[in-house]
Amino acid sequence: MLNRLLIVAVLGCGNASAHDAAQGWADMAGLRFSSARPAFLEAVQRSPEDSRNKLGLALALWAGQPTRGPDHTRAIALLREVAMDTSSPELAAAASFIHARAIWLGGDGRTAARMLDEMILTLNSRWAEEAVVARIQLAIANRDEAELRALVARAPAWEAEMKDPVARLGLHTAMAEIYLTILGDKQQGVGHLEAAIGENASGMRVTANLLLSAGRLLGSHAPERAAHYLRRFLAENPLDGRSELAKSALADIESPIEGRP
Amino acid sequence: MNHRHGIAIVVLASVLGWALLHQVRRSDDERVVVRVAHRFLHEGIREALDEIARNFERENPGVVIEYLEVPQNLWVSWITTRLLGGNPPELINSGHLTDEQTSRFLEPLTPYLREPNPNNVGTALEGVAWRDTFVNGLNDNYNFHAQLMDYYAVPTSFNTRRFFYNRDLFRRVLGEDEPPSTYLELIEVCRLLTADARERGVSVAPIASSFLHARWLLALVHQHFTQNLAARLDSYQAGDWGLLDAMVEILRGSWQPSAEPMRSSWLTFRELGGFFQAGFLSADREQATLLFLQEKAGMLFSASWDAQMVFSGAPFDVGVFALALPEHDATATNSLRPVSETNVALGGSFSVVRTAPNWREGLDFLHFLTSQRQNQVFARHSFRLPAVIGVEPATEVRSFVPRIEGAPPGVSFDGLESFGGGMSQMVIDRNLHRLLALEDDPEVFLSIVARELPLSARQDLVRYASRLRDVIARQEVLYLARSVVSANDDPALAALREQINQQVLMLARVEATLTQS
């Protein structure tokens with residue numbers, strides 16, 4: 001929705017501001033931030049009330065100074081303005097998310113947490129769903145066990161509501177991190193790895209890691225599932241350097257050690 | 001004009017002068033010229049590239065391949081001048097470009113890598129996606145641009161690390177030229193070579209080394225001794241526990257860089273270092289190689305990238321063997337296996353410059369260069385290990401073929417010099433002489449490492465987190481921009497979001513560690 005709005009605005013208008021903005025977005029899509037900046041400055045100068053141009057300029061400025069500096073400050077101010085634009089909720093949601101991320105990366109985790117908490121009151125956009133993931137990630141950074149346990153308790157409800165598979169994947173990998181590395185609950189951790197596998201990640205390396213982790217962590221506790229993940233890892237990643245590791249884990253499962261019940 | 005400006009002008013003039021001297025010659029017979037700029041100044045690779053170029057020209061009579069050889073120390077200035085000056089070559093060696101230069105000047109190769117390499121017709125790789133014709137399926141971070149989420153380079157070869165040894169010397173001193181197959185045999189060989197040199201009153205060290213060679217050897221020793229440690233600390237058991245994890249866990253106190261198994265690792269390196277030539281810490285790479293070639297050392301621990309030079313330059317019979325390390329640490333409770341070498345990074349890569357006039361023909365040549373038949377030519381002459389499946393390495397470098405079986409590697413400190421601010425590498429470099437001076441008590445070094453490495457790890461992690469924040473911010477911008485430009489139709493978007501979430505998790509892990517320790 002956001003993208004359609006932007007594309008319509010950028011490509012459909014045919015005016016100079018739209019041309020500058022289109023160039024700016026294209027530059028940013030190619031990591032040419034120094035070129036994007038003047039394009040958006042021009043676009044904002046021509047159409048100062050256009051939230052789409054303001055978002056573009058905010059992003060170009062933020063990319064140049066991600067954590068501090070005058071451009072960072074100006075980017076934050078622009079993001080705040082766009083986030084409050086009630087006329088385009090999707091645009092506002094995207095700006096809110098980036099605003100919270102920028103505040104976190106700028107070093108103010110507490111304010112970022114409050115902003116994300118507000119965003120996730122209603123999971124009405126994919127940006128709100130991503131805010132759930134970001135909120136859990138922020139709690140991992142804080143490593144406050146009470147906060148983590150509170151979020152863990154809310155996770156099933158969020159998961160049930162989330163529609164975007166990429167956000168759900170992010171949720172499960174963050175939950176696996178909490179259980180495996182902080183709370184030390186291997187069973188719950190592997191459960192989230194398996195749920196993450198079910199979301200069919202796009203990145204080959206992500207899927208390969210999930211399959212190998214789940215297969216090796218399950219091991220003899222759930223040999224059939226473990227073998228399934230390990231076989232799938234080997235079938236989908238025949239050239240992965242960790243094939244021997246997977247084969248060895250599979251062999252351990254398939255030929256039980258003498259004396260094992 | 002101050003001194004700094006003067007130097008800058010001289011450097012600029014040298015670069016421009018050099019660039020002018022190497023201006024592209026247009027083909028007199030109207031053939032399309034594909035210019036290939038590279039830093040491979042080794043004889044074997046030159047021969048390989050020349051033969052491949054002639055093969056290509058025979059099959060493509062309308063195209064001529066022209067190589068531009070650029071010395072390593074001029075590369076960055078030269079390539080920047082050519083890219084910005086609007087006169088770039090069609091193909092360039094990969095690396096050393098900024099993200100913005102990569103995006104602006106290089107052709108993304110991901111779509112081509114999904115299709116078969118047309119030059120593999122008639123081979124076992126016919127019909128196989130170009131990407132899957134490489135021995136690791138390009139499943140490494142060298143050729144893939146993690147920020148732009150595209151491949152911008154295609155490799156030709158890779159390297160492993162081994163000992164070169166002087167077979168003539170071995171035969172004379174040991175009565176046979178079989179290489180040592182265990183660590184104890186290696187130490188015994190070193191002792192016999194030392195005794196022989198002393199008896200003859202000549203200066204022949206058992207092992208030629210340099211600061212850099214020593215660092216490579218130390219990396220393998222650490223990898224070996226920490227294999228069980230890494231397996232124990234890897235909460236995910238995904239077999240890719242790396243340097244970042246190691247630094248985080250040092251700070252968390254999960255492992256100590258001076259306690260077992262690292263203690264055994266440092267002491268093993270000290271024992272090996274006792275057989276290096278005197279003053280090796282101030283020697284550079286070339287000096288160590290020369291020492292070996294001049295028969296002033298019995299062995300050289302290096303990598304396959306030196307094979308061509310060693311085999312062609314040595315006036316003696318050269319052999320190659322893999323480093324064997326102890327099967328237990330000092331506690332004798334942790335059994336250790338040889339470490340697997342399957343996680344190779346493919347290099348010797350080339351990129352296509354899309355602002356060059358004949359880049360499509362350049363892409364054709366890159367397909368040709370990395371086809372099974374031509375990679376065989378490359379491997380035969382260059383003595384590099386071939387990147388393409390089914391290609392046989394040159395007979396001389398068969399011993400460099402990576403070990404498939406074995407334990408996943410532990411902590412290697414490989415790449416520590418560029419991790420964070422490089423402070424941890426500095427701690428090791430600054431104090432290594434204390435470990436290696438046999439008259440010194442190694443406990444002094446171990447206590448320094450125990451005290452200083454956790455502090456430097458913190459400094460490096462602070463720097464690492466700072467860079468990661470910048471990367472995440474730019475990835476977020478890239479994600480939104482690519483969503484907009486593609487109307488959400490970019491196939492890489494989901495993978496990009498997944499990658500951002502992985503990076504944020506990594507940052508969260510580092511931030512938590514820094515806060516709590």
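Chain letters run A, B, ... following the sequence lines, proteins first, then strands; residues in each count from 1. The basis for the numbers below is simple: all heavy atoms, side chains too, and nothing from hydrogens, waters or symmetry mates.
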### Query
When only pairs under 4.5 Å are counted, which of D99(B), T513(B), V344(B), D240(B) shares the most heavy-atom pairs with chain A?
D240(B)
### Task
Count the heavy-atom pairs under 4.5 Å between each of G30(A), G56(A), G24(A) and chain B, then report the option with the highest count.
G30(A)
### Summary
Max heavy-atom pairs within cutoff under 4.5 Å with chain B, candidates S213(A), A176(A), A249(A), A102(A), goes to S213(A)
### Query
Do you know which of Q65(A), M28(A), E244(A), E130(A) has the most heavy-atom pairs under 4.5 Å to chain B?
E130(A)
### G239(B) to R216(A) - nearest heavy-atom pair and separation
N-NH1, 4.2 Å
### Query
Pick from V510(B), D490(B), L505(B): which one has the most heavy-atom pairs with chain A under 4.5 Å?
L505(B)
### Query
Thinking salt bridges, do E100(B) and R32(A) make one under a 4.0 Å N-O criterion?
no
### Message
Give me the atom names and distance for the closest heavy-atom approach of L105(A) to R469(B).
### Response
O-CD, 3.1 Å
### Task
Return the minimal non-hydrogen interatomic distance between A495(B) and S202(A), and the atom names on each side.
N-CB, 3.8 Å
#### Entry: Region of R205(A) that comes under 4.5 Å of a non-hydrogen atom in chain B
side chain
## Note on the structure
Rounded to the nearest 0.5 Å, the OG atom of S103(B) sits from the CZ atom of F33(A) at a distance of 9.0 Å
### Task
Find the one option among T67(A), D144(A), N237(A), L217(A) whose heavy-atom pairs under 4.5 Å with chain B are most numerous.
L217(A)
### Task
State, without any angle test, whether R104(B) and S35(A) hold a side-chain donor-acceptor pair at a distance under 3.5 Å.
yes
#### Entry: R467(B) atom CZ, neighbour heavy-atom count above 12 within 6.0 Å
yes
#### Entry: Pairwise side-chain contact, Y236(B) with T181(A), heavy-atom cut-off 4.5 Å (strictly under)
yes
### Query
Side chain, backbone, both or neither: which part of L180(A) has a non-hydrogen atom closer than 4.5 Å to chain B?
both
### Task
Just give me the residue among A141(A), S34(A), A208(A) that pairs up with chain B most often, heavy atom to heavy atom, under 4.5 Å.
A141(A)
### Atom CZ of R403(B) with >12 non-hydrogen neighbours under 6.0 angstrom
yes
### Query
Measuring heavy-atom distances to chain A, does L493(B) have an atom under 4.5 Å in its side chain, in its backbone, in both, or in neither?
neither
### Task
Grab the two heavy atoms, one from L245(A) and one from P408(B), that are nearest each other, plus how far apart they are.
CD1-CG, 3.3 Å
### Message
Check this for me, if you would: do R143(A) and E511(B) make a salt bridge, where the nitrogen-to-carboxylate-oxygen distance has to be below 4.0 angstrom?
### Response
no
### For V477(B) against A63(A), the heavy-atom pair lying closest together
CG2-CB, 4.1 Å
### Summary
If one checks every heavy atom of F134(B) against chain A at 4.5 Å, the contacting part turns out to be backbone
### Query
Quick one: CH2 on W62(A) to CG on L480(B), what's the gap to the nearest 0.5 Å?
9.0 Å
### Query
Given that the side chain runs from C-beta out, which part of I500(B) has a heavy atom under 4.5 Å from chain A: side chain, backbone, both or neither?
side chain
#### Entry: Which of T102(B), N136(B), D489(B), L496(B) touches chain A most, by non-hydrogen pairs under 4.5 Å
N136(B)
### Summary
Of all heavy-atom pairs linking R474(B) and G64(A), the shortest is NH2-O, 4.0 Å
### Query
When you check the side-chain N and O atoms of T173(A) and Q502(B), is any donor under 3.5 Å from an acceptor?
no
### Query
For L193(A), is it the side chain, the backbone, both or neither that has a heavy atom under 4.5 Å from a heavy atom of chain B?
side chain
#### Entry: Residues R497(B), L169(A); criterion side chain to side chain contact (heavy atoms under 4.5 Å, CB included); working and verdict
CA-CA 10 Å; R497(B) 190 81 242 158; L169(A) 175 69; over 6 Å; no
### Side chain, backbone, both or neither of L507(B) within contact of chain A (heavy atoms, under 4.5 Å)
side chain
### Task
State whether the number of non-hydrogen atoms from other residues, nucleotides or ligands found under 6.0 Å of R354(B) atom CZ is greater than 12.
yes
### Summary
Okay, Q237(B) and chain A: the region with an atom under 4.5 Å from a heavy atom over there is both
